[in-house]
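Before any comments, here is the structure.
In this text the structure is predicted, and so the values were computed from the model without any measurement. What you see below is based on every heavy atom in this structure, not just the backbone, and it leaves out hydrogens, waters and symmetry mates. Per chain, numbering begins at 1; letters A, B, ... match sequence-line order.
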Amino acid sequence: MFFFRRIAMDDLIRERIRKLDRLRELGVDPYGQRVQGIQSSAAVHQQVARLGIGPGDRLESEIAMVAGRVVLLRDMGKLAFVTLRDRRGDIQIGLAKNVLQTTWDVVKCLDMGDVVCAKGSLGRTKTGEDTVWTTELTFLAKSLQPPPEKWHGLQDVDLRYRRRHVDLYVNPDVRQVFELRSRIIQAIRGCLIERDYLEVETPVLQPLYGGAAARPFTTHHNTLDMDLYLRISPELYLKRLLVGGLERVFEFAKNFRNEGISTKHNPEFTMLELYQAYGDYHDMMEITEAMIVAAIEATGGGYERPFGEETIHFRPPFARRKYADLLNEYAGVDMTDVPALRRKAGPMGIDQTKMDDAVVINAVFEKAVEPNLVQPTFVLDYPAPICPLTKRDPHDPLTALRFELFAARMELGNAYSELNDPQIQRENFSKQLRGEGDETMAVMDEDFVMALEYGMPPAGGLGLGIDRLVMLLTNQTSIRDVILFPLQRPVGK
RNA sequence: GGGGAUGUAGCUCAGUCCGGUAGAGCAGCGGCCUUUUAAGCCGUUGGUCCUGGGUUCGAAUCCCAGCAUCCUCACCA
């Protein structure tokens, strides 16, 4: 029954265990059972206001029950004020020795961080603080770990991520971000359901990876004795569903890319992908704006959002700019003038000698244009060779019917008029562009091409980076602050 | 992978430039306290100064290497 994980147990923990033992001596279960009839802190505040309870008043007839974590504790010997935190906010409970009598010994076992339930009459103190004057105190969970400093909270970024469970209850702003994240996702889902889209799930474990240019994670299935990849994109499976006639599908897809980590990149991230049969990338622009409007409305605060040093204006329609025009504007080069582009590339630190033309063009674009795209902008019509999954412009085979959405210098979304010609698709898969890194090459997926051979309707398809959208709408400049548990190295011994 | 910054008590941080007994606040413990708001007052416990080497009579402090985190660049259609 007793086992000690720590040889040298911390004094603070030992003290808490002493109180835990004391509670048991007093016949109190430190880890209580289900409780019914709990009111939220916010509901109690509303009730006090509605009843017009004034400073110094107490209504014995109004019984309230609240539960939460002890985040502040002010003990004055025979009277104590304790601040409980629940998911709606904070509420103060008052504990008086002459009321609780023998239970007072239990109060003396209270520590910061404990989870308790308090039942009692509603009141407001002289200083105007809404208070539950407690007649019954129930322990729900004794906290054995000492909480962070009560005023500064948990600041150490590393510790915040490693102990997100602590971060969340100590720093209310953090919880707020993740509540907003949930609302954003719900709003987008609602927007798509309303448009008769079907939410689906496709494999994370894939025998071949595709749908993006990225290095995959590899894994292995024992029983089948086969190597598998964690998906870098759900694209090729969602398109199979278009072949199958589902016509409008979407997936909030966790993708995995075995690449660099930065404030804008986490190895696993969430991307919304959606496909609409009989549509094209113009439909995707319209639906992108609609989803972002829904997300804006769901989070409140209007169309102008602070983000770091910038203010982003999200009122649609967003700017629509041709890729070639932007390249001309910011790099001063015509997209068709490859020698000029190559001359530009060198001074920009791009090693263009090993790159195919289209790769050079895009490298220059990324370097010269993207840092200027602060306000939401659809960049239209990409060089065809870097778009193996995109339909070509029927009037200009060098142009792909694709847009990327940028905001705050980040790529937020990516959409195509989807390529549905299996012969062109097979050809694109077999083209090896130089300069893109061997492991990120599009991999020939015969099974997918064969699916196209059954006939896929023309369609618009869109990928929208959910983490980055949440960053923009919650003013978090690091992706780790919108992902509950960002990947970190384990702490070394 | 390159560059910069940070790492000291459970937490938030001083101390490092200029080497000489390890500091504060909060938390904890003991005492006083029935209307507090980061409660207050008195007393007090608590340290692998990230790790390992080196220089030195002496290193949290200087040097070297490593580890972790953050920022930035590169990479990432």
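Heavy-atom neighbours of A:Glu309 CD from other residues, nucleotides or ligands within 6.0 Å: at or below the threshold of 12.
Using a 4.0 Å heavy-atom distance criterion, A:Asn414 is classed as making no nucleic acid contact. Heavy atoms of A:Gly153 sit under 4.0 angstrom from primed sugar atoms or phosphate atoms, though from no base atom. No engagement by A:Trp104 is indicated, since no non-hydrogen atom pair under 4.0 Å with the nucleic acid exists. Across all strands, A:Glu129 comes closer than 4.0 Å to base atoms (heavy-atom distances).
No cation-pi contact links A:Arg164 to A:Phe485, judged by a cut-off of 6.0 Å to the six-membered ring centre and 45° from its axis.
One N or O donor and one acceptor, one from the side chain of A:Arg58 and one from the base of B:U35, sit under 3.5 Å apart. If you check distances only, the side chain of A:Gln92 does reach the base of B:U36 with a donor-acceptor pair under 3.5 Å. Not a single donor-acceptor pair, N or O on each side, falls under 3.5 Å between the base of B:U69 and the side chain of A:Asp156. If you check distances only, the side chain of A:His265 does reach the base of B:C76 with a donor-acceptor pair under 3.5 Å.
Ranking B:A68, B:G46, B:C70 by closeness to the A:Arg162 side chain, first place goes to B:A68. Distance from the side chain of A:Lys19 is smallest to B:C29 among B:C29, B:U34, B:A74.
Taking the six-membered ring where the residue is Trp, A:Phe256 and A:Phe217 present perpendicular rings, their angle passing 60° and hence far from 30°.
Rounded to whole angstrom, the span from the CD1 atom of A:Ile91 across to the P atom of B:U36 amounts to 17 Å. Between A:Glu259 atom CD and B:G1 atom C1' there is a gap of 15 Å when expressed in whole angstrom units.
The ring of A:Phe365 has its center closer than 6.0 angstrom to the ring center of A:Tyr323.
The separation of B:U56 from B:A60, taken at their C1' atoms, amounts to 16 Å, rounded to a whole angstrom.
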